[in-house]
Number of protein chains: 2
Amino acid sequence: MRSNFRTSGQSDDEPTITEAARRAQILQHAIDVVADLGYAGASLNRIAEHAGISKGLISYHFAGKSDLLKAIVQEVYRRGIGFLYERAEAGEPATAGAALKSYLEGHLAFIGSHAREVGAVVEVVRNLRDAEGRLVYNNAWDAESYGELMRIFEAGQASGEFREFDPRVMAISVRRVIDGFTFQVMGFPDIDVAAFTAEVVALFDHATTPRERS
Amino acid sequence: MRSNFRTSGQSDDEPTITEAARRAQILQHAIDVVADLGYAGASLNRIAEHAGISKGLISYHFAGKSDLLKAIVQEVYRRGIGFLYERAEAGEPATAGAALKSYLEGHLAFIGSHAREVGAVVEVVRNLRDAEGRLVYNNAWDAESYGELMRIFEAGQASGEFREFDPRVMAISVRRVIDGFTFQVMGFPDIDVAAFTAEVVALFDHATTPRERS
DNA sequence: TACAGTTCTGACCATGCGGTCAAATTTTCG
DNA sequence: CGAAAATTTGACCGCATGGTCAGAACTGTA
């Protein structure tokens, strides 16, 4: 019998077709339930019921609930990276301003077309705690996501394209506005994604560039 | 025996000294527990234990858990309004830009000095759901908080002080950045509140005003 | 077909939850 | 003081939770 204590990450031989398909199915239903019922409402029983399987089967494919929830985060990130990668194939932006614009448009487009997945991730990230009560995805963790933005800002400031500001505060602000878009889309599914994106791009274009034209 | 089914709001005679004090005590401990352990970790048992009282006593003073959590939100709002009111006594800002600056400085100062309370409120607002699974503090609810900001923006645009932008998107962005400050303060208690505030004020000053000087 | 490995179920477990309540305690006040 | 009212406790209830497990069902293969 194979170990049912598989931790995602290390490859123990290779997963069966069944195993991979079942994991994907469970993951998708878990995403749906978290998006619909929120973190607190997403019990293993409800996920199993939603997927039409028994609860024990989830335990067979995932080491525990927190393992499943972490897999949600990992999976949606994987999708997001794929989405942004395809978009980026058009070529590298030439200026820091173009890079910021591309960053915003890419992320907002992904959220606009994958609101439920991203909503589920936000739910998990904001609520999942370890046994000692500490947030698993803490400040140190999301500080990592500021890296790409901060590099854009520092490059723009070095070239004189951007005004002087604290790149960390600006990065935090950009991430907050992007993440907030998730709630807008979930709350108002008919929202005009393109119009919202254009507004946000203009907002941060003005926020980052000096008032006097160079 | 007095009804223990008091709903906050309608005054049923007047509360006893004991009642008011006990309610305040329970509320404060509830805030602490939610801030420390998060929404999911804040059970009535833990709150009672933290307060050094029996769980039944909470039920005596509050109609239920959701009543208690809603009271947290109400109480912290009350404190926030008081804080901002005292600050505003210095006089009304003359321009829309000054009003926005004052709004940001006031809200960030309150968060900087009451991070735990605000953190608890955010936790409740983001998680509390009714029996049907719908968020109690939904999009329609927090849209109310955009009102004051949108009035500032519309006034600034009417006078030509602000550039043309969607006041709703700008209001959402401002609120998102302000709320995000809560997590920064909770994650890094030694953060320089004044410096962060100055950066945010500059960010939205640039974001709202036209590039060409009038 | 027979058998070994796997996938899957459904019953079960201990725990913690929100909530209730009779009884004990404390306070109020005539 | 003494009775009535307010306050508080601690035991208890039904329920949902995450997790476990023996065994049934399925699958591939020799």
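Protein chains get the first letters and strands the later ones, always in sequence-line order, with residue 1 at the start of each.
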Please collect all side-chain hydrogen bond (donor to acceptor under 3.5 Å, both in side chains) contacts where either partner lies in residues 198-207 of chain B, sequence neighbours excluded, each pair once. Arg211(A)-Asp205(B)

How would you list all residue pairs meeting salt bridge (Lys or Arg N to Asp or Glu O under 4.0 Å) that involve residues 134-143 of chain A, not counting sequence neighbours? Asp130(A)-Arg134(A), Glu132(A)-Arg134(A)

Using a cut-off of strictly less than 4.0 Å, decide whether Arg22(A) has a side-chain nitrogen or oxygen near OP1 or OP2 of dC8(C). yes

How close or far is atom C1' of dC17(C) from atom CG of Leu68(B), stated in whole angstroms? 15 Å

Tell me the bend of the helix from dT1(C)-dA30(D) to dG30(C)-dC1(D) as the angle between end helix axes, each from five pairs, rounded to the nearest 10 degrees. 10°

Qualifying residues under ring-ring contact (aromatic ring centres under 6.0 Å, His included), relative to Tyr39(B), sequence neighbours excluded: none

Could you list all the salt bridge (Lys or Arg N to Asp or Glu O under 4.0 Å) pairs where at least one residue sits in residues 101-118 of chain B, not counting sequence neighbours? Asp32(B)-Arg116(B), Asp36(B)-Arg116(B), Arg79(B)-Glu117(B), Lys101(B)-Glu105(B)

Ignoring backbone atoms, test whether Tyr60(B) places a side-chain nitrogen or oxygen under 4.0 Å from the OP1 or OP2 oxygen of dT7(D). yes

Listed by chain and number, what are the ring-ring contact (aromatic ring centres under 6.0 Å, His included) partners of Tyr137(B), not counting sequence neighbours? Trp141(B)

All N/O donor-acceptor pairs, side-chain side in residues 170-180 of chain B, below 3.5 Å, sequence neighbours left out:
{"unit_1": "Ser173(B)", "atom_1": "OG", "unit_2": "Val169(B)", "atom_2": "O", "d": "2.9"}
{"unit_1": "Arg175(B)", "atom_1": "NH1", "unit_2": "Tyr103(B)", "atom_2": "OH", "d": "3.0"}
{"unit_1": "Arg175(B)", "atom_1": "NH2", "unit_2": "Asp179(B)", "atom_2": "OD1", "d": "2.8"}
{"unit_1": "Arg176(B)", "atom_1": "NE", "unit_2": "Arg176(A)", "atom_2": "O", "d": "2.9"}
{"unit_1": "Arg176(B)", "atom_1": "NH2", "unit_2": "Arg176(A)", "atom_2": "O", "d": "3.3"}

Kindly state which residues belonging to residues 28-52 of chain B come within less than 4.0 angstrom of DNA chain D, counting heavy atoms of the residue only, listed by number. none

Can you pull the salt bridge (Lys or Arg N to Asp or Glu O under 4.0 Å) pairs that have at least one residue in residues 54-63 of chain A, sequence neighbours excluded? none

